[in-house]
Amino acid sequence: MSATTRSTWEPSSGGKIGGRHLERSAVVYVRQSTMQQVERHQESTRVQYGLVDRAIQLGWPPQRVQVIDDDLGVSGASAEGRPGFQRLVAEVGLDHVGIVLGVEMSRLARSCRDWYQLLEVCAVFGTLIGDLDGVYDPAVYNDRLLLGLKGTMSEAELHVIKQRMLQGKLAKARRGELGMSLPMGYLKEPSGEISKDPDEQARSTIEFVFELFERHGTINAVLRQLVDRGISMPNRVRTGPSKGQLEWSRPNRMTLSNLLHNPIYAGAYAYGRRQVDARRKKPGRRSTGRVVAKPFEWEVLLRDRLPAYISWEQYERNMRRMEANRASMLGVVRNGPSLLSGLVICGRCGLRMAATYQNNGKELRYSCDRMSIDYGEPRCQSLKGEPLDRLVGSLVLDALQPAALELSLKVAEDVEGERRRSHEQWRLRLERARYETDRAFRQYDAVEPENRLVVRGLERRWEEKLAAEETLKQEYARFCSTEPPTLSAADREAIRQLAADVPALWHAPTTTPADRQEIIRQMVERVIVTVKGETEVADVQIHWAGGHRTKAELLRPVARLDQLSYYPELMERVRQLHAEGCRATAIAERLNDEGWRPPKRRDTFNSAMTGELLSRLGLRVNHRRAARENVKLPRGSWFLADLARHLGMPDITLYNWLTKGLVTGRRLSDRPGSPWIIEADKAELKRLRELRQAPRRRPHFKPRDEKVLAH
Ligand SMILES: [Zn+2]
């Protein structure tokens, strides 16, 4: 690349270093790209730190040589996730840096984009760049050309190395020899051969998972079956002293999904199942952008290479089934996206609540069921989405009321007052540093030159004070650059204008749900919801952007009367009214007059509901229940309610199946309202149980919400 040998420590600075450079800092940028390199190539790291001496040799006072080594162990391929490199660029941009030193400077930014950005900033601020070969001025055409070339070469070099490594890896994979991490149920023999786990229980657990999937067809159902039976998954410890030992862990959704998707269980060797799609890569995150490719897109697929648990046909069938399940779960959203999706946090366990859609995408629900989906645990809490969306929406509009905004502006003023005080503090510190430098200079200046020893001491002191003052100035500049700008009069006016604009925008017919979502996201950080027991009352806590909190109470619709927080009082009132001689219809009227509210979406009580309450109190005979109790059905015949209880499902769901023709039944008699009878022998019961387990279009519906009041 250059004729100069790398070992030389005497590269020419070519007279490029001037006073303007020396009065700013010298920055030594130290980087090793992987943690292994940090450990193995300590020599190289030492050479990089040696650049501090180089800076001093070039004329920088030691106090003004700064080392940036935040990026040890981070790859140079992009500036993302390398705070040190970003800090370097920022420091240059703040005009604090006279020279940047590094070993083979162009390597510190292996992507040309980052490299040119650094060159550009250095050229603008008159900052030099130095490596073991010499000192360059990016503002000078020839130097810049050379630096650019170095960057390009270095990127090309990285590309070639990567390609070579990839080709080698691929060639090995094509031969089926590339080592892979073995999933549970497999073991590598000392001879290198891959075999099924010698532990019989481990093998049979894997087999059982495939059996369960064959029978039930969803990962969810398999997970539930395993949890219900208390079955654990066999893991071989990968590292550490107990490496190779069998450990049992509780099953979770991810493990099962990986197991069912892995072609190794069908005896195939595959490579390149996961590929990176750059379009899916999210900025600021490292390993996203991975997508699972379809089998025909895999780089390598060698069948019948390994001992198999299932056939290739079964593997393909499983993949098709999971694909179909996924498609059926993605219901169509009818009323637009939820207002708060991604913002609602469960107050009970602190997990994010998912926005789910039921009733063919018409009804929104927020539910906390991460633990249920992943580990088959009981569901935590859930509530209807629409009332919560409405509550938060109205609170947001309230916050934009003129009076509320004035209050916020007042708070902002106080913050500004505080900020002014801290600037004042800075000013005093700077003044003091200035004063001390001046004093040190005056002392130095006052001494006769003959008194050399004293002069030297005072000169050193003066330089120290000067350096301290310079450091303080730079810290102050950094402080100023990190704090948000103060509000100008125009800003305030713009904020006041919001009070008029946002509500208008909110209600405008052209505003889409996505727009409203955007408005909420600007103002609300998160919403914490805690449902009180199973009642209709939920505590809502809104965390606003900027740190304020608002508490509110939400009344959510509940399905059953006994979920109401005032259920005991309601029952007492019904008993009183009955004692006063009221019948069901009259009781319903009285309750409505007194402002009692029934559960769910209904606004008023009707006679059927009060009739149910009376029979719960034992004050009225339920004819249908009485009819059931008096009739003895033959074996294999069930009353609908009894069968539902036997299957552990809500009556209404079984009734829905009846109306959809999924089960057949007849009425006990011709009388309207007479109970339904369903024939179900052993085989039919098995079929119904499976039907119950099958995936539903409404994935997160709570069964207990479906219970009906009257039979
Ligand atoms: Zn929860």
Side-chain angles (χ1 to χ4, degrees), residues 179-188 194-240 242-274 287-288 290-293 295 298 306-312 314-326 329 349 351-352 354 368-380 693 695 699-700:
M180 53 179 163
S181 64
L182 289 173
M184 56 179 66
Y186 283 99
L187 206 67
K188 199 168 191 170
I194 292 167
S195 64
K196 284 191 185 179
D197 201 308
D199 187 280
E200 200 190 329
Q201 198 188 346
R203 283 200 310 273
S204 73
T205 306
I206 305 289
E207 281 157 9
F208 188 51
V209 168
F210 284 111
E211 261 176 56
L212 283 175
F213 189 79
E214 193 72 355
R215 207 177 313 149
H216 298 285
T218 70
I219 296 178
N220 223 357
V222 175
L223 179 61
R224 257 159 235 288
Q225 293 286 333
L226 292 175
V227 171
D228 287 352
R229 291 160 205 231
I231 294 175
S232 300
M233 305 301 290
N235 279 309
R236 290 276 172 191
V237 181
R238 289 191 185 192
T239 50
S242 50
K243 185 179 171 183
Q245 267 176 34
L246 199 57
E247 267 185 4
W248 297 89
S249 56
R250 68 171 176 167
N252 66 59
R253 191 185 165 79
M254 202 32 120
T255 310
L256 292 179
S257 167
N258 287 341
L259 199 153
L260 289 161
H261 280 100
N262 198 336
I264 192 173
Y265 294 101
Y269 175 95
Y271 176 77
R273 281 167 62 219
R274 291 165 204 279
S287 58
T288 46
R290 288 204 156 217
V291 288
V292 176
W298 296 349
L306 303 159
Y309 281 89
I310 52 170
S311 67
W312 183 256
Q314 185 178 348
Y315 173 74
E316 284 188 322
R317 194 163 62 237
N318 289 350
M319 294 291 274
R320 277 199 300 276
R321 271 178 105 168
M322 282 185 283
E323 185 60 30
N325 291 347
R326 215 172 60 84
M329 292 290 261
C349 64
L351 293 175
R352 210 168 282 280
C368 176
D369 43 20
R370 197 66 263 158
M371 295 308 278
S372 154
I373 293 173
D374 287 351
Y375 294 102
E377 285 189 356
R379 282 183 185 136
C380 183
Q693 288 287 348
H700 306 310

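Only heavy atoms go into these numbers, but all of them, side chains included; no hydrogens, no water, no symmetry mates.
With sequence neighbours excluded, the residues forming a ring pair (Phe, Tyr, Trp, His ring centres under 6.0 Å) with W312 are Y315, listed by chain and number. Under the salt bridge (charged side-chain N to carboxylate O under 4.0 Å, His left out) criterion, R370 pairs with D374, sequence neighbours left out. The side chain to side chain contact (heavy atoms under 4.5 Å, CB included) search around S232 returns W248, not counting sequence neighbours. Here D199 pairs with nothing under the side chain to side chain donor-acceptor pair (under 3.5 Å) rule; sequence neighbours left out. For the side chain to side chain contact (heavy atoms under 4.5 Å, CB included) test, residues two or more places apart in sequence or in another chain that qualify with S242 are V237, Q245. Every residue was checked against the ring pair (Phe, Tyr, Trp, His ring centres under 6.0 Å) condition with Y269, not counting sequence neighbours, and none meets it. Legend: residues meeting side chain to side chain donor-acceptor pair (under 3.5 Å) with S257, ordered by chain and number and at least two apart, are H261. N262 meets the side chain to side chain donor-acceptor pair (under 3.5 Å) test with no other residue; sequence neighbours excluded. Partners of S311 according to the side chain to side chain donor-acceptor pair (under 3.5 Å) rule, which considers only residues two or more places apart in sequence or in another chain, do not exist here.
In this structure, the separation between CG on N318 and CZ on R320 is 9.5 Å, given to the nearest 0.5 Å.
The salt bridge (Lys or Arg N to Asp or Glu O under 4.0 Å) contacts involving residues 224-235 comprise nothing, where partners must be two or more places apart or lie in separate chains. Residue pairs that meet the salt bridge (Lys or Arg N to Asp or Glu O under 4.0 Å) test with at least one member in residues 245-259, sequence neighbours left out, are R250-E377.
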Indicate every side-chain donor-acceptor pair of residues 208-215 with a distance under 3.5 Å to a residue at least two apart or in another chain.
unit_1	atom_1	unit_2	atom_2	d
E214	OE2	R317	NH2	2.8

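The heavy-atom pair separating L223 from P251 by the smallest distance is CD1-O, 3.8 Å. The two residues L260 and M319 come nearest to each other via the heavy atoms O-SD, 4.4 Å. Y309 and R203 get closest at one heavy-atom pair: OH-CG, 3.6 Å. Between P234 and A202, the shortest heavy-atom distance links the atoms CB-CB, 3.6 Å. Across I206 and G185, no two heavy atoms sit closer than the pair CG1-CA, 4.0 Å. Closest approach of L182 and R238 over heavy atoms only: O-NH2, 3.2 Å.
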Report task. Before giving the answer on side-chain hydrogen bond (donor to acceptor under 3.5 Å, both in side chains), spell out for T255 and N258 the whole-Å C-alpha distance, their side-chain angles and the decisive distance to 0.1 Å. Result -> CA-CA 5 Å; T255 310; N258 287 341; over 6 Å; no
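K196 forms no cation-pi arrangement with Y186, by the criterion of a distance under 6.0 Å to the ring centre and an angle within 45° of the ring axis.
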